[in-house]
Amino acid sequence: MNTMAILLSAFVIAVIGLMFFIWTQRRELISTNREAAESIFGAGEIGAIEDPASTRTSRAAMQEERQSDGIVSKVDPKEIEERIDADRSSASVALLMMSFAAAWLLAGSFFGLISSIKLNAPDWLSGALWLTFGVTRTLHLNIVAYGWAPMACLGCTIWMLPRLLKTTLIGSGYAMLGACVWNLSLLLGLIGIANGYNTGLEWLEIPTPIALGIVVGGALIAMPLVFTLANRKATHLYVSVWYISAALFWFPVLLLAAKLPIHFGIEQATMNWWFGHNVLGLFYTPLSLACIYYLLPKIIGRPVENYNLSLVGFWTLAFFYGQVGGHHLIGSPVPGWLINLSIVQSVMMIVPVAAFTINQHLTMRGHFRLLVHSPTLRFIVFGGMMYTLSSVHGSMEALRSINTITHFTHFTVAHAHLGLYGFVTMVMFGAFYFIMPRIRGYEWPFPKLIALHFWLVVLGFALYFIALSWAGFLQGMMMLDASRPFIDSVVVTQVGLIGRSIGGAVMTLGHIVFVGHFLLMLLHRGPQRDQAALLWRDYMPTHAVVTTSN
Amino acid sequence: MNNEIKLLFGSSFMLSIAVSALVVLPFTEFSKIEAPKGLRQYTQQELRGRQVYIENECMACHSQQPRSRSQAPDFERGWGRAPVAADYYYDKPVLLGTMRTGPDLFNIAARQPSQDWQLGHLYQPRAYAAESIMPNFQHLFVLKEHAETHDKIVNLPPAYAPRQGVVVAGQQALDLVAYLMALDHTYPVDDAPTIGQIPASLPSASK
């Protein structure tokens with residue numbers, strides 16, 4: 001039997017096994033499709049829009065849009081009281097993590113921008129180890145990969161947990177301790193990298209003893225999940241809970257396994273990309289999807305259209321994504337079967353992505369006009385679209401013919417940003433705008449800044465992505481042309497790299513707007529807008545409740 | 001708790017499949033590998049230089065894995081044959097690299113064996129390749145009035161030499177160049193070459 005036949009039969013068996021697995025999981029997790037999808041809504045809440053970040057007029061316009069569907073909502077006050085209790089229990093821990101995230105976002109942007117400019121002006125800011133391109137780039141990567149992205153994802157999802165489980169968050173102290181341990185370790189790790197303490201493995205640069213602090217922090221942050229699950233009042237575990245639970249379990253295991261001092265040679269390279277890809281696919285991605293699956297239906301007041309599809313999406317993501325890392329090693333001396341396996345599973349990623357995309361589209365169908373009014377929805381829908389795009393983009397890049405051009409070039413960097421920025425970061429911006437008013441009990445002081453932020457980051461990112469992909473593609477083509485000297489592949493990227501720096505600068509400007517607004521929100525400065533965002537006023541204009549949250 | 005247990009079981013199961021395929025199987029497969037006869041161990045100085053390479057994140061721009069002739073013209077560029085797993089026997093950690101903002105360095109010693117060139121190029125890459133975007137590594141060098149007896153003076157093209165004094169290579173720069181001078185994998189490998197792999201030898205004209 002030849003290799004192709006073995007591979008093909010193993011693949012068919014794996015897919016049949018996976019389908020069987022999903023079927024066994026299905027039996028109890030989903031009894032009735034509708035009921036499960038509606039479990040995140042209170043009685044009579046479907047049809048009521050919810051966007052704490054939009055203005056009173058926008059909100060009224062959104063609600064009118066929904067009412068034209070003929071659905072009238074009347075929410076049970078008791079449900080709202082319970083949700084207020086849930087929000088209060090998670091407020092401090094979520095706020096702590098989100099504040100860390102905002103600080104890291106700024107730091108990460110600056111190091112990213114410095115690195116980018118250095119590729120056009122190599123002698124700018126030189127003369128010290130920590131200012132050299134490789135180091136500023138590594139600092140940028142570690143700040144966004146271990147600072148901004150996880151703190152934002154964890155902060156937002158931990159806030160959702162008590163709502164999803166219809167109880168209060170239990171054990172938030174563990175998570176606060178965990179967040180402090182995590183961020184302290186990260187800071188130490190960054191200081192280490194800036195001074196030359198560096199493991200030499202991409203995505204795993206932070207020295208091992210310090211990285212163990214992040215493992216411990218991650219495990220501590222998962223504790224409230226365990227306690228809260230044990231005390232849940234929700235009978236059904238909503239799809240977001242699966243994503244959150246799996247991600248919180250996977251992350252410490254991933255990092256711990258990667259840091260075991262047993263890896264060697266080429267095995268270390270396969271481990272490196274097993275980790276590097278799974279931290280994206282089994283940590284940031286599920287947490288961001290958890291946010292979309294909760295927030296999108298809440299904002300438009302409409303349950304997920306096809307709930308069964310979200311279950312298929314979850315398990316196929318877990319199965320396929322875990323094995324795709326090998327496509328980073330096409331052309332290197334790893335066994336052929338491993339490369340082939342990773343390429344096949346990379347292409348199979350189309351399954352979970354299609355499941356999500358179809359679901360998002362069907363849920364939004366007929367309601368795209370709400371995007372005009374809701375800033376939160378804009379970020380989240382844009383992020384969801386970028387998930388689809390980045391995943392299909394990634395599947396294509398894993399194909400040998402395309403990989404030969406794009407591997408080793410800036411094209412890959414553009415792809416990484418499509419996933420971690422276009423998707424994860426955009427969704428997190430939307431989640432921040434939704435969650436902060438619920439935590440603080442008042443509204444964003446300057447709604448116009450939210451729109452400004454959106455357009456700065458979207459336009460900046462579009463320029464970033466297009467310029468860098470173009471530069472990377474040309475670079476790859478030049479490198480494959482043996483008649484051209486290598487330096488041509490450097491020179492040809494220069495224009496695109498300038499475009500990337502400009503795009504990156506515009507994104508950074510957007511982040512300054514965002515973090516500035518976040519600080520005003522945190523400190524309760526600026527115009528005091530506390531009319532419409534509060535839950536009880538949203539639903540019960542006559543209900544006189546004294547504000548006690550905060 | 002039934003659903004939670006299912007979820008935990010399911011997610012562990014999925015992760016363990018991935019670990020088996022990408023970590024455990026390569027682990028057992030490569031444990032048997034022995035160093036090729038032509039590959040020697042790094043010296044202490046080369047190992048220190050390798051550390052300087054890691055500290056300065058040279059792998060952010062340089063790969064150490066030429067692709068096979070069937071895939072890309074890496075061999076024609078003088079970067080050498082496609083590597084086998086055993087070539088990395090002494091590499092801890094492995095430094096394959098994921099970017100080629102600069103050229104592949106797997107055989108840089110065979111391609112550019114001059115210590116003077118390497119030192120000068122690290123001090124100011126644009127003195128040797130005007131369009132290079134490599135950072136300068138001047139923090140690995142010292143500017144002195146007069147060189148002392150044991151100092152290694154860096155000979156620079158006049159346009160890039162300091163107006164006064166001499167540029168002396170620091171210990172880290174010397175170590176780094178020693179490491180680069182050890183990157184020579186032009187020896188033949190015994191393993192049956194995998195598809196498209198060509199036995200070792202370098203073309204005389206390097207690009």
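In the text below, chain A, chain B and the rest are named by the order of the sequence lines, each starting its count at 1. These values consider heavy atoms only, across backbone and side chains, with no hydrogens, waters or symmetry-generated copies.
For A/Glu202, the part lying under 4.5 angstrom from a heavy atom of chain B is the side chain only. For chain A, the nearby part of B/Pro66 is the backbone; its heavy atoms alone come within less than 4.5 Å. Of the atoms belonging to A/Thr412, not a single heavy atom falls under 4.5 Å from chain B. Contacts between A/Ile262 and chain B at a heavy-atom distance below 4.5 Å involve backbone atoms as well as side-chain atoms. In this structure, no portion of B/Ser20 lies under 4.5 Å from any heavy atom of chain A. Residue contact with chain B, scored on non-hydrogen atoms closer than 4.5 Å, involves the backbone and the side chain of A/Phe133 alike. Both the backbone and the side chain of A/Ala269 come within contact range of chain B, each with at least one heavy atom under 4.5 Å from a heavy atom of that chain. With a threshold of 4.5 angstrom between heavy atoms, A/Leu480 approaches chain B through its backbone and through its side chain. Contacts of A/Leu141 with chain B are absent, with no heavy-atom separation under 4.5 Å from either backbone or side chain. Contacts of A/Phe314 with chain B are made by side-chain atoms alone, with heavy-atom separations under 4.5 Å and no backbone atom involved. When heavy atoms are compared at a cutoff of 4.5 Å, A/Asp481 approaches chain B solely by way of its backbone atoms N, CA, C and O. For A/Leu119, the parts sitting under 4.5 Å from any heavy atom of chain B are the backbone and the side chain alike. Both the backbone and the side chain of B/Val19 come within contact range of chain A, judged by heavy atoms closer than 4.5 Å. Interface remark: A/Ile487 contributes side-chain atoms only to the contact with chain B (heavy atom separation under 4.5 Å). Proximity to chain A (any heavy atom under 4.5 Å) is shown, for B/Tyr89, by neither the backbone nor the side chain. In this structure, no portion of B/Phe141 lies under 4.5 Å from any heavy atom of chain A. Proximity to chain A involves both the backbone and the side chain of B/Asn136, based on heavy atoms less than 4.5 angstrom apart.
The two residues A/Ala246 and B/Ser11 make their nearest non-hydrogen contact at CB-CB, 4.1 Å. What you find for A/Gly331 and B/Gln71 is that their closest heavy atoms are CA-OE1, 3.3 Å. Considering every non-hydrogen atom in both B/Gly97 and A/Phe408, the closest pair reads O-CE2, 3.9 Å. Nearest heavy-atom pair across A/Val334 and B/Phe30 is CA-CZ, 4.4 Å. Taking every heavy atom of both residues into account, A/Pro122 and B/Ser132 meet most closely at CG-O, 4.1 Å. Residues A/Glu267 and B/Pro26 come closest through the heavy atom pair CG-C, 3.9 Å.
Other residues, nucleotides and ligands contribute more than 12 heavy atoms inside 6.0 Å of the NZ atom of B/Lys152. Environment of OH in B/Tyr42: crowded, with over 12 heavy atoms of neighbouring residues, nucleotides or ligands closer than 6.0 Å.
In this structure, OG1 on A/Thr404 lies 6.0 Å from CZ on B/Arg67, to the nearest 0.5 angstrom. Separating the CD1 atom in B/Ile133 from the CG atom in A/Asp123 is a distance of 11.5 Å, to the nearest 0.5 Å. Rounding to the nearest 0.5 Å places CE of A/Met271 at 11.0 Å from CZ of B/Phe27. We find the OG1-CE distance between A/Thr138 and B/Met59 to be 6.5 Å, quoted to the nearest 0.5 Å. Note that the CD1 atom of A/Ile266 and the CD atom of B/Glu29 stand 11.5 Å from one another [nearest 0.5 Å]. Rounded to the nearest 0.5 Å, atoms CD1 (B/Ile17) and CD (A/Gln345) are 9.0 Å apart.
Two residues are said to be in side-chain contact when any heavy atoms from C-beta on lie closer than 4.5 Å; A/Ile193 and B/Glu57 fail this criterion. By the 4.5 Å heavy-atom criterion applied to side chains, A/Phe319 and B/Phe13 are not counted as neighbours. No side-chain heavy atom of B/Met134 sits less than 4.5 Å from a side-chain heavy atom of A/Val490. You'll find the side chain of B/Pro135 stays beyond 4.5 Å of the side chain of A/Ser126, heavy atoms only. Residues A/Trp337 and B/Leu25 are in side-chain contact: their nearest non-hydrogen atoms beyond the backbone lie under 4.5 Å apart. Residues B/Glu4 and A/Trp242 fail the side-chain proximity criterion, which asks for heavy atoms closer than 4.5 Å.
For the options B/Asp91, B/Val52, B/Leu8, heavy-atom pairs under 4.5 Å to chain A are most numerous at B/Leu8. When the candidates B/Cys58, B/Ser12, B/Ala18, B/Ala72 are compared by the number of heavy-atom contacts under 4.5 Å with chain A, B/Ala18 comes out ahead. Note: B/Thr101 leads B/Thr101, B/Leu140, B/Asp104 in heavy-atom pairs under 4.5 Å with chain A. For the set B/Ala21, B/Ala60, B/Pro103, the count of heavy-atom pairs under 4.5 angstrom toward chain A peaks at B/Pro103. Your options are A/Phe264, A/Tyr321, A/Trp273, and the one with the most heavy-atom pairs under 4.5 Å with chain B is A/Phe264.
Remark: side-chain polar atoms of A/Thr270 are not paired, donor with acceptor, to backbone N or O of B/Val23 under 3.5 angstrom. Put simply, the side chain of B/Glu131 never gets that close to the backbone of A/Val491: no donor and acceptor are under 3.5 Å apart. Judged purely by atom type and a 3.5 angstrom limit, B/Arg77 uses its side chain to pair as donor or acceptor with the backbone of A/Met479.
In summary, the side chains of B/Asn56 and A/Thr132 do not present any donor paired with an acceptor at a separation below 3.5 Å, with no hydrogens or angles considered. For the 3.5 Å distance criterion, the side chains of A/Asn198 and B/Glu55 fail to qualify, holding no donor opposite an acceptor.
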Decide side chain to side chain contact (heavy atoms under 4.5 Å, CB included) for B/Leu22 and A/Phe275; before the verdict, give the C-alpha distance in whole Å, the side-chain angles of both, and the deciding distance to 0.1 Å. CA-CA 9 Å; B/Leu22 270 72; A/Phe275 175 83; over 6 Å; no
Report the C-alpha distance between B/Leu15 and A/Val253 in whole Å, list the side-chain angles of each, state the deciding distance to 0.1 Å, and finish with yes or no for side chain to side chain contact (heavy atoms under 4.5 Å, CB included). CA-CA 9 Å; B/Leu15 189 63; A/Val253 178; 3.7 Å; yes
